[in-house]
Protein chains: 2
Amino acid sequence: MKDVVSKCPIEEVMRVLSGRWPTLLLYYLKDGTKRFSDLQRDNPTLSHRMLALELRKLEKAGIIRRTAYSGYPLRVDYDLTASGHTLVPLIDALGDWWEERAEGRVESIETKTQKPLIKAA
Amino acid sequence: MKDVVSKCPIEEVMRVLSGRWPTLLLYYLKDGTKRFSDLQRDNPTLSHRMLALELRKLEKAGIIRRTAYSGYPLRVDYDLTASGHTLVPLIDALGDWWEERAEGRVESIETKTQKPLIKAA
DNA sequence: TGTAAATTACGCACTATTTTGTAACCAGGA
DNA sequence: TCCTGGTTACAAAATAGTGCGTAATTTACA
């Protein structure tokens with residue numbers, strides 16, 4: 001992650017979408033506006049720190065929009081931008097691809113050491 | 001990464017595609033068969049060990065195929081499976097999406113601390 | 001009436017966990 | 001012995017979790 005200038009758009013999208021949370025958040029948000037605390041409740045295994053970090057990242061990437069209201073008890077809304085909405089079907093397509101290619105597969109993605117198959121030349 | 005059974009296909013694809021290397025390797029391989037050493041040469045910033053690990057992961061995910069030949073200076077070929085090939089355009093779509101949404105943007109993805117905007121309720 | 005407590009969305013410092021890099025080693029064949 | 005592809009052990013680095021602090025206003029309660 002030393003490269004400041006990355007030439008490839010794919011590398012850049014992946015930098016934003018990599019990890020467990022970005023796509024998950026995308027999914028919680030695609031149905032409408034949510035508050036920080038909603039997202040926390042929706043996913044208890046995501047720490048508030050991570051949530052804040054991921055939300056910022058997605059915001060900078062122009063995928064979500066953050067709206068803060070002055071007043072107490074404090075309130076901040078998050079929702080998808082237009083860009084964010086166009087992203088959803090692309091991610092869906094990946095999910096569909098996975099399911100198709102997973103037909104009949106039982107192997108998990110766990111990395112176990114395995115003996116390589118040897119084919120003759 | 002405690003979840004052994006992940007319900008969501010999107011979560012699973014992202015587990016495979018997350019990080020710098022998977023999509024990159026996909027790109028090096030989409031033009032045809034490559035050997036381990038080719039891939040090493042193509043991307044010098046990717047360590048020997050990482051290359052081996054990523055290749056295994058992609059293989060288990062059914063994206064690439066590994067073919068080992070018994071014979072002299074040892075030789076192993078990698079190429080995309082049929083599934084792998086159908087994945088390429090989906091990743092391309094993400095790249096295109098990024099470029100479109102990036103129009104006119106100068107902001108990098110660097111995470112700087114920034115004061116939140118306050119809107120009135 | 002005064003004051004303490006609760007509320008919400010984080011920031012910060014510190015720790016734990018995971019991922020990645022380094023380097024050394026291994027196996028099989030000419 | 002050298003070569004290729006790969007593994008293992010250990011170190012370094014990146015990433016994620018924990019828990020406290022805070023702001024400004026309302027509510028709780030003696």
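Each chain gets a letter, A, B and so on, in the order the sequences are listed, and its residues count up from 1.
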Practice item. By nearest nucleotide on DNA chain D, pick out whichever of B/Ala52 and A/Trp21 is the more 5' one. Key: B/Ala52
Can you measure [X] atom [atom1] to [N] atom [atom2] for me and round it to whole angstrom units?
X       : N      : atom1 : atom2 : answer
B/Glu59 : D/dG5  : CD    : P     : 15 Å
A/Glu54 : D/dG17 : CD    : P     : 9 Å
B/Met50 : D/dA13 : CE    : P     : 16 Å
A/Asp77 : C/dT8  : CG    : P     : 13 Å
B/Leu51 : C/dG21 : CG    : C1'   : 14 Å
B/Leu53 : C/dT22 : CG    : C1'   : 14 Å
A/Ile64 : C/dA9  : CD1   : P     : 14 Å
A/Leu46 : D/dG17 : CG    : C1'   : 10 Å

**Study point:** Relative orientation of the end axes in the helix from C/dT1-D/dA30 to C/dA30-D/dT1, expressed as an angle to the nearest 10° (five pairs per end)
**Key:**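 Overall, the helix from C/dT1-D/dA30 to C/dA30-D/dT1 bends by 40° from one end axis to the other.
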Revision key, fill the gap. Residues in residues 28-42 of chain B with a heavy atom under 4.0 Å of DNA chain D, by number, are B/Arg35, B/Phe36, B/Ser37
Point to revise | Electrostatic pair B/Asp38:B/Arg41 at N-O distance under 4.0 angstrom | key: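 Here B/Asp38 pairs with B/Arg41 in a salt bridge, since their nearest N and O are under 4.0 Å apart.
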Practice item. Flag the pair A/Glu12 and A/Arg15 as a salt bridge only when some basic side-chain nitrogen lies within less than 4.0 angstrom of an acidic carboxylate oxygen. Key: no
Practice item. Output the single nucleotide from D/dG5, C/dC10, C/dG21 whose closest atom is nearest the side chain of A/Arg56. Key: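 Shortest atom-to-atom distance from the side chain points to C/dC10.
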Practice item. Output the single nucleotide from C/dA13, C/dT20, D/dG5 whose closest atom is nearest the side chain of A/Arg49. Key: C/dA13
Review point. Is the shortest heavy-atom distance from the side chain of B/Glu11 to the side chain of B/Met14 under 4.5 Å?
Key: no
Check your understanding: Do B/Val13 and A/Ile91 have side chains that get closer than 4.5 Å, going by heavy atoms?
Key -> no
Exercise for review: Please list, chain by chain and in numerical order, all residues satisfying side chain to side chain contact (heavy atoms under 4.5 Å, CB included) with B/Thr86, sequence neighbours excluded.
Suggested key: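 Here the qualifying residues are A/Trp97.
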**Study point:** Minimum-distance pair of heavy atoms, taken over all atoms of A/Ser83 and A/Gly62
**Key:**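 Heavy-atom minimum between the residues: CB-O, 3.6 Å.
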Study note, to complete from the structure: Between B/Arg20 and B/Leu24 the two heavy atoms that sit nearest each other are O-CB, 3.7 Å
Point to revise | side-chain hydrogen bond (donor to acceptor under 3.5 Å, both in side chains) partners of residues 44-55 of chain B, not counting sequence neighbours, each pair once | key: B/Gln40-B/His48, B/Asn43-B/Thr45, B/Glu54-B/Lys57
Revision key, fill the gap. Note: for B/Gly19 and A/Leu55 on DNA chain C, the residue whose nearest nucleotide lies more 5' is A/Leu55
Practice item. Answer yes or no: is there a donor N or O on one side and an acceptor on the other, between the side chain of B/Arg101 and the main chain of A/Ala61, under 3.5 Å? Key: yes
Check your understanding: With no hydrogens and no angle check, is any side-chain donor or acceptor of B/Ser18 less than 3.5 Å from a backbone partner on A/Gly19?
Key -> yes
Study note, to complete from the structure: In short, salt bridge (charged side-chain N to carboxylate O under 4.0 Å, His left out) pairs touching residues 23-34 of chain B with sequence neighbours left out are B/Lys34-B/Asp42
Please write out each protein N/O paired with an N/O of nucleotides 21-25 of chain D under 3.5 Å, distance rounded to 0.1 Å.
{"unit_1": "D/dA24", "atom_1": "O4'", "unit_2": "A/Tyr72", "atom_2": "OH", "d": "3.4"}

**Study point:** Member of B/Thr67, B/Leu55, B/Leu58, B/Thr33 meeting the side chain to side chain contact (heavy atoms under 4.5 Å, CB included) criterion with B/Tyr78
**Key:** B/Leu55
